[in-house]
Amino acid sequence: MRRTLFITTCLTLPLAVWAEEFPLPAPVTEAEVYLQGALLVRTGQIDLPAGEHRLLVPVGRSANGLPNIDLTGASLGTVETLPGAIADGRRFLTPPQQAAYDIWVTAQEAAGLVEDARMRAAAAVKAAEDQLAFLRSITGSGLDVLDAGAMLATLDVLGERVQEAEVARAAAQAALRAADRAVRDAGLILAQARIDMDATGAQLGKVSLLVIGVTVAEAGTVGLTMETFTPQAGWGTRYDATLEADDSVTLERKVEVWQGTGLPLVDVALSLSTADPFAQTAPQEVFPNQASLAKPEAELQVRRSLETAPQEMDAAAEISMAAPASEPVFAKANFDGPVVTYDYPTAVSLPSTGGSVTLTLDTQSLDARVFNRASPRTDETAFLMAEVINTTGEPLLPGPAALFRDGARIGESFLPLMPAGDEVELAFGPQQHLRLEFVRLENETGDRGLIFTSGTRQQDMVFRVRNLSDATEVVETRFALPYSEEEDLQVDVSTRPDPDERNVEDKRGVAQWNLDVPAREKVEVTVGVTLEWLAALTGEFDLRAASEPLRPRDFAIGHQHNADMPPEHGESRIEQCVIFSACTEQATDTIPLFRE
């Protein structure tokens, strides 16, 4: 029987009108999923007679151009896309979709039957209630014409009839309650059947088609393979990081895979790739770089543009649970230069609705250097840290990590990208027995008055680490020491004892003391800071706005902390001042030397 697709706006050639058409669902059988995007392989086969025909293949809503098509048993002709070409998509259901559809139809019919039974039960209740209402409407005045014997007989009959009606109503109400429960249960079964059918990606309404023209020389089986790239898929990593008793860190790697193509991905061969299909493929063009003298405002605009350009480029580059097995199933890593591909050993089904599936990738054990770290300026306790090195031979992708210690979940962190051989520090919660204390001692400020020619300010501080346990602990303690980049401001810092490291991690002024804290004792470090400034600062700065005219004021120097990071890890840079009014000799704008 000839089946012709009547799409007059798309079919313009007489040959296309008379070509025989064959639906071919061609489900997805393989999927290579990238961090963003996926390459889907769809396959199908059909027996065709000799001649020219058209294969009607349903396509998802995220089809990205024409796919790569490979045919066996036929030669390829014209290929076109027809959006919304079919009103009834049931003819393109795959076997799993057809099975889910049949279950849904059966559930619909069952729901209809129980609804009919509920209506019959409700009618029986209504009939019993109407009969009771009629019997109760008979009054004694209507029996006045009867003699005593007839009246007693009538009353006996009325009593029997009322009793029978009450029993019938009770039975009908019980049947109605059972019918209501059956209707509710049938509704839940129907709703679940619909959810299961939608999970297969079955399209019952309009379907867009990929129409593939083929020429068959001899009748036989024609095989179709299509490769389609879609951005509507991706995967990411999650970790369970456990600090073991032997000072190693176990990383259980999991992946969350998702797709929103609208196509069913049922029992597909899944591979996960670290390749980036949207990566830069060519070098950036280099433009001339002319140097010139710029006005301050223009220079500021240029500097701002240079600072925001990388962020804008990064933003432009962005595109926007499986059933448990009896034994762990791990993916196998394949290395192809800088790209790593993980082949999952079992078939995977991904919901077409955009939900994610969590799969176990593998488990890695990494040696770690376990130590205590303290920031007494901001924290009340030290923290247990683990420095791990990526010895897996492959990159560890960034992702959230659940942290476990001593068999308990202690919180969440984020594991950054770790190339092979790289190292990272993970925090595993507070050490409650290592208590921290920070104290700011008395300040002394000299040469206060109307006009200063020079000035000094001194600040002494002390921080302590107390060990409440019965064993000696080594605590890496960090503190940000102030510094100045201005010629007119001199900063002298004294510490007792001296730090073991300075400018830790290339952060200027950040110092570290590796403190041995005996059991049940405390260790303290004293820090003294002296600031000296000259009269040349007068009239050059104002805290309100640099563009406002200055009144006669003199300046004592204050301190402002780097707000981009915690005080212990930022740079203590001298860059602000305390303003004293020349008339009142009182401070009008005050910034403390060390701000909390």
Side-chain angles (χ1 to χ4, degrees), residues 291 293-304 306-307 377-378 440-461 478-495 498-499 501-512 526-582 585-596:
L293 295 176
K295 295 181 179 180
E297 182 62 27
E299 182 180 1
L300 181 60
Q301 292 179 359
V302 172
R303 184 172 299 177
R304 288 173 178 171
L306 291 176
E307 292 176 351
R377 181 66 184 280
T378 57
R440 184 184 296 109
L441 305 179
E442 293 295 329
N443 297 334
E444 293 182 1
T445 303
D447 294 335
R448 297 184 61 178
L450 296 178
I451 300 178
F452 301 141
T453 58
S454 64
T456 62
R457 179 164 181 163
Q458 182 174 342
Q459 177 80 72
D460 292 328
M461 298 158 288
R478 292 185 176 182
F479 193 87
L481 303 176
Y483 69 94
S484 171
E485 291 184 345
E486 301 177 12
E487 294 182 358
D488 296 324
L489 175 62
Q490 300 296 323
V491 180
D492 293 326
V493 179
S494 62
T495 59
D498 290 335
E501 299 181 44
R502 296 181 182 271
N503 299 329
V504 177
E505 298 178 358
D506 296 328
K507 296 176 183 177
R508 187 171 179 183
V510 176
Q512 175 172 306
T526 302
V527 178
V529 180
T530 301
L531 308 179
E532 295 184 0
W533 61 92
L534 303 178
L537 292 174
T538 302
E540 293 182 359
F541 303 99
D542 186 87
L543 288 180
R544 298 170 302 159
S547 59
E548 294 183 10
L550 299 179
R551 295 191 296 270
R553 291 187 175 188
D554 296 317
F555 302 83
I557 302 302
H559 170 269
Q560 183 180 28
H561 186 76
N562 187 345
D564 295 335
M565 57 187 67
E568 296 305 322
H569 299 167
E571 298 175 342
S572 293
R573 179 175 177 178
I574 305 302
E575 55 186 17
Q576 293 290 359
C577 51
V578 180
I579 302 179
F580 292 87
S581 169
E585 298 187 65
Q586 295 181 352
T588 59
D589 292 276
T590 303
I591 298 181
L593 177 61
F594 291 96
R595 186 173 60 186
E596 293 289 351

Exercise. Any side-chain heavy-atom pair from Val493 and Pro482 closer than 4.5 angstrom?
Worked result: yes

For this session: Ignoring hydrogens and angles, tell me if any N or O in the side chain of Ser484 forms a donor-acceptor pair with the backbone of Val491 under 3.5 Å.
Result: no

Exercise. Passes side chain to side chain contact (heavy atoms under 4.5 Å, CB included), Arg508 versus Arg502? Steps please.
Worked result: CA-CA 8 Å; Arg508 187 171 179 183; Arg502 296 181 182 271; over 6 Å; no

Problem set entry | Approximate separation, where rounding is to 0.5 Å, of Arg440 CZ and Asp460 CG | 11.5 Å

Exercise. Taking all non-hydrogen atoms of both residues, which atom of Leu481 and which atom of Ala511 are closest, and how far apart?
Worked result: CD1-CB, 3.9 Å

Exercise. Got a sec, which residues hit side chain to side chain contact (heavy atoms under 4.5 Å, CB included) with Gln490, two or more places apart in sequence or on another chain?
Worked result: Glu532

Seminar exercise, completed: Sorted by chain and number, sequence neighbours left out, side chain to side chain contact (heavy atoms under 4.5 Å, CB included) with Thr526 holds for Val462, Arg496, Glu524

Seminar exercise, completed: So CG of Leu489 and OH of Tyr483: to nearest 0.5 Å the spacing works out to 12.0 Å

Exercise. Which value, rounded to the nearest 0.5 Å, describes the distance between Gln458 atom CD and Leu441 atom CG?
Worked result: 10.0 Å

Problem set entry | Between CZ on residue Arg478 and CD on residue Gln512, distance to nearest 0.5 Å | 4.5 Å

Exercise. Do Gln459 and Thr530 come within less than 4.5 Å of each other through their side chains, counting heavy atoms only?
Worked result: no

